[in-house]
Amino acid sequence: FGFPAFRAFARAGTTINPVAIDTASSLVTTGPFARSRNPMYVGLALLLTGLALALDAGWAFAGPLFFVAFITRFQIIPEERVMAAKFGAAYAAYRARVRRWL
């Protein structure tokens with residue numbers, strides 16, 4: 001999920017910087033963004049899950065769970081507010097048809 005999402009952003013000429021979301025210049029809805037509104041975060045969650053599996057330790061699964069909860073609260077929700085303000089009805093329609101995670 002992650003690398004194709006980076007390519008989609010590069011093709012659209014928009015920022016991948018999650019701190020400067022207000023500099024986003026276009027709404028990307030193709031490629032992996034047609035299946036998830038946050039494929040880069042999905043990719044990171046999958047990496048953490050793979051690491052937990054490789055460690056073969058139950059406690060390691062707290063990492064991906066914490067990541068999903070933290071990134072949703074402190075990154076995704078603020079990003080969604082900015083995207084709604086910036087792209088209006090187009091973002092609302094996209095949000096209605098594509099899930100936040102998977």
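Worth saying up front: this structure is predicted, and the values here are computed from it rather than measured. Residues: numbered from 1 along the sequence shown.
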query: Given R37 and Y91, is the side-chain contact (heavy atoms from CB on, under 4.5 Å) satisfied, shown in steps?
result: CA-CA 10 Å; R37 294 195 315 259; Y91 183 71; 3.9 Å; yes
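- For F70, the ring-ring contact (aromatic ring centres under 6.0 Å, His included) partners at least two apart in sequence or on another chain are F66, F74.
- Rounded to the nearest 0.5 angstrom, K86 NZ and S26 OG are separated by 9.5 Å.
- When the salt bridge (charged side-chain N to carboxylate O under 4.0 Å, His left out) test is applied to R100, the partners found at least two apart in sequence or on another chain are E80.
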task: Could you check L102 against F1 for side-chain contact (heavy atoms from CB on, under 4.5 Å), going step by step and ending with a plain yes or no?
output: CA-CA 11 Å; L102 285 177; F1 267 83; 3.6 Å; yes
message: Under the criterion side-chain contact (heavy atoms from CB on, under 4.5 Å), I'd like the reasoning laid out for V68 against Y41: C-alpha separation, chi angles, the key distance, then a yes or no.
response: CA-CA 8 Å; V68 168; Y41 299 137; over 6 Å; no
task: Kindly indicate, with the supporting measurements, whether the criterion side-chain contact (heavy atoms from CB on, under 4.5 Å) is fulfilled by N17 and T23.
output: CA-CA 9 Å; N17 185 346; T23 63; 5.7 Å; no
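- Residue pairs meeting the side-chain hydrogen bond (donor to acceptor under 3.5 Å, both in side chains) criterion with at least one partner in residues 63-77, sequence neighbours excluded, are T72-W101, Q75-E79.
- Considering only heavy atoms from C-beta on, M40 comes within 4.5 Å of I16 through its side chain.
- Every residue meeting the ring-ring contact (aromatic ring centres under 6.0 Å, His included) condition with F33, not counting sequence neighbours, appears here in chain and number order: F9.
- Taking a 4.5 Å side-chain heavy-atom cut-off between Ile, Leu, Val, Met, Phe, Trp and Tyr, the cluster of L51 extends to L55, W59.
- Remark: P64 pairs with L48, T49 by the side chain to side chain contact (heavy atoms under 4.5 Å, CB included) rule, at least two apart or across chains.
- For the atom pair OH (Y94) and CG (L27), the distance works out to 7.0 Å, reported to the nearest 0.5 Å.
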